Amino acid sequence: MESSRVEISLEGGRSLALRPASDEDYEDLVRIYAGTRADELAQVSWWDDEQKLAFCRSQYEAQKMEYDARFPDAEYDVILLEGRMVGRLWVVRGDEEIRLLDIALVPEAQNRGVGTALLKRLIDESRQTGKRLRHMVFVLNEAALRFYDRLGFEVFEDLGGYKHMEWKSDK
């Protein structure tokens, strides 16, 4: 199910938009995915940048294939800040829950209100529909865990490498 373009206002008059991802976005989406793995891959000194990018391509494709199989109705959007692609937002809406599959922002878009605006939009949708809002966070991603905690998410299940979180309330 494809979503239509969504415009969101940010403080300071900056424009934020979502639009459905397309095949033409592949290279940018791989670049965004690679950014989520940069710290990890920085430790792999025996790979050059081309090998790291090839690894990220294969991992991105595997992740997308798994999500397509498990969540055939998922919406895959790109995040545009001032018209420039700065991230991805992958969401699936079921009868009883909204599941944030993934949100990733390039470093330049982080800590600028983009993620907060997008999550608050999902929180509002959760409130209006009465559906649970859930997300899964890698246990070592302390910044993300703090971010979700600040927005009112609580851990409801800890599966070793990942914490499953659900929005409970505004903090």
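None of these values were measured; they are calculated from a predicted model. Count residues from 1 along the sequence.
Rounding to the nearest 0.5 angstrom, the gap separating the CZ atom in Arg132 from the CD1 atom in Ile98 is 10.5 Å. With values rounded to the nearest 0.5 angstrom, Glu97 atom CD is found 11.0 Å from Thr129 atom OG1. Note: Leu151 CG to Glu154 CD = 12.5 Å, rounded to the nearest 0.5 Å. Interatomic distance, Gln59 CD to Thr36 OG1, rounded to the nearest 0.5 Å: 10.0 Å.
Contact annotation: the side chain of Lys52 never approaches that of Glu40 to less than 4.5 Å [non-hydrogen atoms, C-beta and beyond]. By the 4.5 Å heavy-atom criterion applied to side chains, Leu133 and Glu166 are not counted as neighbours. Residues Phe147 and Thr116 form a side-chain contact, since some pair of their non-hydrogen atoms from C-beta on lies under 4.5 Å apart. Looking only at side-chain heavy atoms (C-beta outward), Asp25 and Met85 come within less than 4.5 Å of each other. Counting heavy atoms from C-beta on, the side chains of Phe71 and Arg93 never come closer than 4.5 Å. In this structure, the side chains of Leu101 and Val91 stay at 4.5 Å or more apart for every pair of heavy atoms. When side chains are defined from C-beta on, Leu53 counts as touching Val30, because their heavy atoms get closer than 4.5 Å.
Under the side chain to side chain donor-acceptor pair (under 3.5 Å) test applied with Asp124, the options Arg121, Lys120, Arg127 reduce to a single match, Arg127. Exactly one of Leu81, Val114, Ile32 qualifies for a side chain to side chain contact (heavy atoms under 4.5 Å, CB included) with Val106. That residue is Ile32.
The nearest pair of heavy atoms linking Gln51 to Trp47 is OE1-CA, 3.2 Å. Closest approach of Ala144 to Val137, counting heavy atoms only: CB-CG1, 3.8 Å. Of all heavy-atom pairs spanning Leu145 and Val139, the tightest one is CD1-O, 3.5 Å. For the residue pair Gly83 and Ser15, the shortest heavy atom distance occurs at N-OG, 4.3 Å.
Shown here is Glu50, whose CD atom has no more than 12 heavy atoms of other residues, nucleotides or ligands within 6.0 Å. More than 12 heavy atoms of other residues, nucleotides or ligands sit less than 6.0 Å from atom CG of Asp68.
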- Check the pair Lys131 / Glu96 against salt bridge (Lys or Arg N to Asp or Glu O under 4.0 Å), numbers first and verdict last. CA-CA 5 Å; Lys131 295 179 183 181; Glu96 297 180 16; over 6 Å; no
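By the salt bridge (Lys or Arg N to Asp or Glu O under 4.0 Å) test, Glu7 is found to be paired with Arg5, residues two or more places apart in sequence or in another chain being considered. For Phe138, the side chain to side chain contact (heavy atoms under 4.5 Å, CB included) partners are Leu140, Asn141, Tyr162, not counting sequence neighbours.
Ring pair Phe153/His135: centre-to-centre distance not below 6.0 Å.
Relative orientation of the Tyr60 and Tyr26 rings is perpendicular, given thresholds of 30° and 60° on the angle between their planes.
With Arg14 contributing its side chain and Arg112 its backbone, the two residues share a donor-acceptor pair below 3.5 Å.
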